[in-house]
Amino acid sequence: MHSNHLKIWLQLSSYQYLTLTIMTKIDNTIFKAKIFQDLFFYFVIFSALVAWGIFNHAMWRDELNGWLIARDAQSWTEFFNAVKYEGHPLLWYCILALLNKLSHDPILMKIFHLFLSIISIYLFLRYAPFKKLERVLFIFGYLPIYEYSLISRNYMIGILFLLIFLVIYSSRKNDYGSQMLILAILANTNAYCLLISLALVIFVILESKQQQQAFKSLLLYLVGLAISLYTLLPPSDSRLQGGVSQWFWHFDGYRLAQSITRIWNAYVMILVPGDGKIWDVTGFSLLSLGLLAFTIKILYKKPYVLFFYIFASWEILLFTYLKFLGSPRHYGMLYIILISSLWLAQSGKRFDYKPIRYQRSFILAILIAQVLAGLVAYVRDLSLPFSASRETAHYIKEHKLENSTLVGSEDFAVSPISGYLGKKIYYPEIKGYGSYVLFNGNRKEVNDLEILQQIKNLIKTKQDNILLILNHAIAPNITKKDIQIEPIEKFTNSLISNEQYYLYSIKNEKNNQ
């Protein structure tokens, strides 16, 4: 490990050690509980695998764009205005801003995210009301071992606060203030956890035997909800996921079926249907409804938990239909809702919980499918870089090309290279230097001819050579008078197809005669 990275690791580890010490003082049974002693081996294995995976993982734009906002925003006003284009609440970005006070090296984000993953899994192993096998299978599933751990975004911090709420609820103490506070924080982690927090608030009030006290504590949540909604409300010129205007308000049976298949995609994670084949979508939407129906049968004797399960799932599915079909990290929250519902059902205070026939087989089948999907994704990430940005940045540094004038397009695909280099890049899409990318009215799509024209204008004010970074090969017939274009290297080994890069040296022919 680089000496600077070692310094960062030791610095943040001191904070992690302090946090663990405080936890130990609060819960003096942290290592005495027999259930955790039995599972400690798996906790260590999980921690080691995530540590190995997260430092091997090549970060991509969705991870580094938030880091770049925190790194390069010149004021808190610029910072808040930039975050409003991200489509997520403030909390994660504020944490990134604080981490940037320690170092601008994005490895710090990885270390912090590793800490979040380890604490979350400790809470699950220590407190979840499931059998040993079920706990072990869950932590090695796709979302905990890969999607929410190796990729440093604001999803694991949402899982952490969801687990904290479940732990507090399971303690059977009517501490509504603490519950509402945690749910207020949960609402500020990411957009999907905001929807889950809303369902949980209604669940707490319905389930409470002291509803007046619960309503008094509701103000804490409403303040957090208002802050989250204010951040999430996009500016009028936002172009993210179609911007403010792109909502699917009309009925579309095919899109509805696509949205329903997200239940299967979230629960099973293997044999996932493509969205383009009508028979696949139809068949798997019916299987999804079957999974939904069986889960409802499991929970029907726990009416308040059943309400949470149906309402939270409906929120996610409605958002999926109306706005964004999403990726595993998004609709994976349906699986998290399932696990949370089973946790709440076994920790309930009003109604006895009795498993139905085939319930454990149903749950084990889902958990095993999650483990298989997690194993495939984890191994793939070790062998195939998620993005070629890290390799490209390393090549630029190794060959001392970072002192050239860097021009990059498409800007959103090139932005992670800015994160790894710690340097701004000229983006033709905004006709200026930048690092993070905002999908707003100032950003315009450009073609290769327009890029070269801007470079020609740039050469007039620059004496050094220009390094052009593209996420596609420049067309062989593209030329520009007075410009010499020489290919240098290409980096095409990555999972994300539009984060593969081609490097070109651009010189003024007149200056090289």
Side-chain angles (χ1 to χ4, degrees), residues 60-62 86-88 141-143 146-148 151 153-155 158 190-196 198-199 232 234 238-297 308-341 362 365-366 369-370 372-374 376-377 380 386 412 439 495-498:
W60 72 310
R61 57 182 179 267
D62 279 13
E86 286 286 282
H88 283 290
Y142 175 86
L143 296 174
Y146 173 69
E147 187 72 57
Y148 292 163
I151 301 174
R153 294 199 65 200
N154 55 7
Y155 295 100
N190 61 72
Y192 291 88
C193 282
L194 166 62
L195 299 176
I196 294 174
L198 181 60
L232 285 169
S238 174
R239 301 294 182 268
L240 184 68
Q241 298 300 330
V244 181
S245 60
Q246 186 173 309
W247 290 84
F248 291 84
W249 295 114
H250 60 281
F251 178 76
D252 184 327
Y254 191 72
R255 185 175 178 86
L256 177 61
Q258 287 177 315
S259 302
I260 292 173
T261 61
R262 271 40 186 176
I263 298 173
W264 173 276
N265 295 0
Y267 289 11
V268 181
M269 287 283 179
I270 54 176
L271 300 175
V272 173
D275 280 335
K277 297 181 179 180
I278 186 169
W279 292 113
D280 284 357
V281 170
T282 302
F284 280 92
S285 65
L286 293 175
L287 289 172
S288 296
L289 292 175
L291 293 174
L292 183 67
F294 193 82
T295 307
I296 290 173
K297 186 177 180 181
F308 162 72
Y309 172 75
I310 293 176
F311 185 70
S313 299
W314 173 80
E315 287 179 293
I316 302 295
L317 291 173
L318 182 64
F319 182 78
T320 301
Y321 176 85
L322 293 177
K323 186 63 178 175
F324 183 43
L325 289 173
S327 301
R329 72 188 71 92
H330 306 119
Y331 53 72
M333 286 295 174
L334 291 166
Y335 171 68
I336 298 300
I337 290 169
L338 169 67
I339 298 300
S340 300
S341 299
F362 171 77
I366 290 175
Q370 291 281 332
L372 292 175
V376 170
R380 181 190 62 199
F386 201 81
F412 64 85
F439 288 91
L495 179 66
I496 304 298
S497 60
N498 60 7

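Along the sequence shown, the residues carry numbers beginning at 1. Here the structure is a predicted model, which means the values were calculated and not measured.
Taking CG of Leu317 as the start and CD1 of Ile310 as the end, the distance is 11.5 Å to the nearest 0.5 Å. The distance from the CG atom of Leu338 to the CD1 atom of Ile263 is 10.5 Å, given to the nearest 0.5 Å. Taken to the nearest 0.5 Å, the OG atom of Ser340 stands 10.5 Å off from the OH atom of Tyr335. Here the straight-line distance linking atom CG of Leu291 with atom CD1 of Ile366 works out to 6.0 Å at 0.5 Å rounding. In this structure, Arg255 CZ and Leu322 CG are separated by 8.0 Å, a value rounded to the nearest 0.5 Å. If you take OG1 on Thr320 and OH on Tyr331, they are separated by 10.0 Å, rounding to the nearest 0.5 Å.
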(message) Working note: Ile316 + His330, criterion side chain to side chain contact (heavy atoms under 4.5 Å, CB included); need CA distance, chi angles, decisive distance, verdict.
(response) CA-CA 9 Å; Ile316 302 295; His330 306 119; over 6 Å; no
(message) Evaluate Leu292 against Ile296 for side chain to side chain contact (heavy atoms under 4.5 Å, CB included), listing each step before the verdict.
(response) CA-CA 6 Å; Leu292 183 67; Ile296 290 173; 4.2 Å; yes
(request) For the pair Phe412 and Asn498, evaluate side chain to side chain contact (heavy atoms under 4.5 Å, CB included) and give the outcome as yes or no after the intermediate values. (result) CA-CA 10 Å; Phe412 64 85; Asn498 60 7; 3.8 Å; yes
(request) Please report the C-alpha distance between Arg61 and Ile496 in whole Å, then the side-chain angles of each, then the deciding distance to 0.1 Å, and finally whether the side chain to side chain contact (heavy atoms under 4.5 Å, CB included) criterion is met. (result) CA-CA 10 Å; Arg61 57 182 179 267; Ile496 304 298; 4.0 Å; yes
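When all heavy atoms are compared, the tightest approach of Gln370 to Tyr267 is NE2-O, 2.8 Å. For Met269 against Ala373, the heavy-atom pair with the smallest separation is CB-CB, 3.5 Å. When every heavy atom of Gly274 is checked against every heavy atom of Val281, the shortest pair comes out as O-CG2, 3.5 Å. When all heavy atoms are compared, the tightest approach of Cys193 to Gly158 is SG-CA, 3.8 Å. Taking every heavy atom of both residues into account, Arg329 and Arg153 meet most closely at CD-NH1, 3.6 Å. Minimum interatomic distance between Ser285 and Ala257 (heavy atoms only, all atoms of both residues): CB-O, 3.7 Å.
With contacts defined as side-chain heavy-atom distances shorter than 4.5 Å, the pair Leu495/Trp60 does not qualify. Under the 4.5 Å side-chain criterion, counting only non-hydrogen atoms from C-beta, Phe311 is in contact with Glu315. At least one side-chain heavy atom of Ile196 sits under 4.5 Å from a side-chain heavy atom of Phe308. A heavy-atom distance below 4.5 Å is not found between the side chains of Val376 and Tyr146. Pro273 has its side chain within reach of Asn265: a pair of non-hydrogen atoms, C-beta onward, lies under 4.5 Å apart.
In this view, Asp275 and Arg262 satisfy the salt bridge (Lys or Arg N to Asp or Glu O under 4.0 Å) rule, not counting sequence neighbours. With sequence neighbours excluded, the residues that form a side-chain contact (heavy atoms from CB on, under 4.5 Å) with Leu256 are Phe251, Ile260, Tyr321.
In this structure, the side chain of Glu147 does not engage the main chain of Gly374 through any donor-acceptor pair within 3.5 Å.
The aromatic rings of Tyr155 and His88 stand perpendicular to each other, their planes meeting at an angle above 60°, with 30° marking the opposite boundary. Using the six-membered ring where Trp is involved, Trp249 and Trp247 have ring planes that are parallel, under 30° apart on the 30 and 60° scheme. A perpendicular orientation is assigned to the rings of Phe284 and Trp264, their planes being inclined by more than 60° (bins at 30° and 60°).
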